[in-house]
Amino acid sequence: MNSVVVDSGPLIALFDGSDRYHAQAVAFVRDLRRRLVTNLPVITEVVYMLDFAPQAQQDFLFWGEQSLTIDADTTEDFPRIRALLEKYRDLPADFTDASLIALCERLKIRSVASVDKDFTIYRTRDRKAFQNLFLGASL
């Protein structure tokens with residue numbers, strides 16, 4: 001099954017009804033026929049951003065446990081994450097984005113779902129562009 005690496009933005013929007021991407025996130029998840037893959041930095045970011053509503057945090061964690069493939073090998077990617085943070089220091093790239101790029105490279109996935117337009121700039125180690133299925137759906 002093809003996979004999509006998902007960033008925190010669409011996941012936050014999915015559980016925050018006031019988020020400008022909420023309806024798009026609901027439709028994206030409803031219509032997606034691929035496995036959603038993410039990592040612990042994303043999970044941490046989502047829970048932190050949903051701190052205004054403890055029930056939303058709980059709902060996200062329950063849903064995520066059932067619906068996401070959560071990669072737990074981020075520590076293996078630290079050398080690559082450091083290199084990516086250095087490479088994209090002018091953006092600046094953050095740890096979560098760099099961890100997702102490294103995850104994509106390790107799993108050989110180029111499809112992402114993010115509200116972050118920086119994924120149009122980021123490239124894989126072999127200089128391939130990412131296909132942002134979330135923002136692409138809104139164009």
Between [atom1] on residue [X] and [atom2] on residue [Y], distance to nearest 0.5 Å:
{"X": "Ser3", "Y": "Leu103", "atom1": "OG", "atom2": "CG", "answer": "9.5 Å"}
{"X": "Leu135", "Y": "Gln24", "atom1": "CG", "atom2": "CD", "answer": "7.0 Å"}
{"X": "Thr75", "Y": "Ile81", "atom1": "OG1", "atom2": "CD1", "answer": "9.0 Å"}
{"X": "Lys108", "Y": "Thr124", "atom1": "NZ", "atom2": "OG1", "answer": "10.5 Å"}
{"X": "Leu50", "Y": "Gln58", "atom1": "CG", "atom2": "CD", "answer": "11.0 Å"}
{"X": "Asp118", "Y": "Phe130", "atom1": "CG", "atom2": "CZ", "answer": "12.0 Å"}

| said: Regarding Thr96 and Asp94, do their side chains bring together a donor and an acceptor under 3.5 Å, going by distance alone? | reply: no
Is any side-chain heavy atom of [X] less than 4.5 Å from a side-chain heavy atom of [Y]?
{"X": "Tyr21", "Y": "Asp16", "value": "no"}
{"X": "Trp63", "Y": "Leu11", "value": "yes"}
{"X": "Ile12", "Y": "Val115", "value": "no"}
{"X": "Val42", "Y": "Asp7", "value": "yes"}
{"X": "Phe28", "Y": "Leu133", "value": "yes"}
{"X": "Arg34", "Y": "Ser111", "value": "yes"}

Connected via hydrophobic side-chain network under 4.5 Å: [X] and [Y]:
{"X": "Leu100", "Y": "Leu85", "answer": "no"}
{"X": "Phe78", "Y": "Val5", "answer": "no"}
{"X": "Phe95", "Y": "Leu40", "answer": "no"}

What are the two closest non-hydrogen atoms of [X] and [Y], and how far apart are they?
{"X": "Asp116", "Y": "Ser114", "result": "N-OG, 2.9 Å"}
{"X": "Ala102", "Y": "Arg80", "result": "CB-CG, 3.9 Å"}
{"X": "Ile70", "Y": "Gly64", "result": "CD1-O, 4.2 Å"}
{"X": "Gln57", "Y": "Asp51", "result": "NE2-CA, 3.3 Å"}

| task | Determine, step by step, whether Asp71 and Arg106 satisfy the side-chain contact (heavy atoms from CB on, under 4.5 Å) criterion, reporting the C-alpha distance in whole Å, the side-chain angles of both residues, the deciding distance to 0.1 Å, and the verdict. | result | CA-CA 11 Å; Asp71 181 84; Arg106 183 164 39 81; 2.8 Å; yes
| message | Using a 6.0 Å cut-off, check whether atom NZ of Lys87 has over 12 heavy atoms from anything other than its own residue. | response | yes
| request: For Phe62, look at atom CZ and say whether over 12 heavy atoms of other residues, nucleotides or ligands are found less than 6.0 Å away. | output: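 Check fails, neighbour count at 12 or below.
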| task | Quick one: sort the Phe119 and Tyr122 rings into parallel, tilted or perpendicular, breaks at 30° and 60°. | result |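 Because their plane-to-plane angle is over 60°, the rings of Phe119 and Tyr122 count as perpendicular.
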| said: Set out, in order, the CA-CA distance, both residues' side-chain angles and the distance that settles side-chain contact (heavy atoms from CB on, under 4.5 Å) for Arg123 and Tyr88, then state yes or no. | reply: CA-CA 10 Å; Arg123 296 291 182 265; Tyr88 294 111; 4.0 Å; yes
| Would you find a donor on one side and an acceptor on the other, under 3.5 Å apart, between the side chain of Asp77 and the backbone of Ser99? |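 No.
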| field | Arg110 side chain vs Cys104 backbone, donor-acceptor pair below 3.5 Å | value |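 Side chain of Arg110 to backbone of Cys104, a donor-acceptor pair under 3.5 Å: no, none is there.
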| query | So Val26 and Leu14, side-chain contact (heavy atoms from CB on, under 4.5 Å) or not? Walk me through it. | reply | CA-CA 6 Å; Val26 169; Leu14 189 60; 3.9 Å; yes
| Do Ile101 and Val112 pass the side-chain contact (heavy atoms from CB on, under 4.5 Å) test, and can you show the C-alpha distance, the side-chain angles, and the key distance before you say yes or no? | CA-CA 9 Å; Ile101 296 167; Val112 298; over 6 Å; no
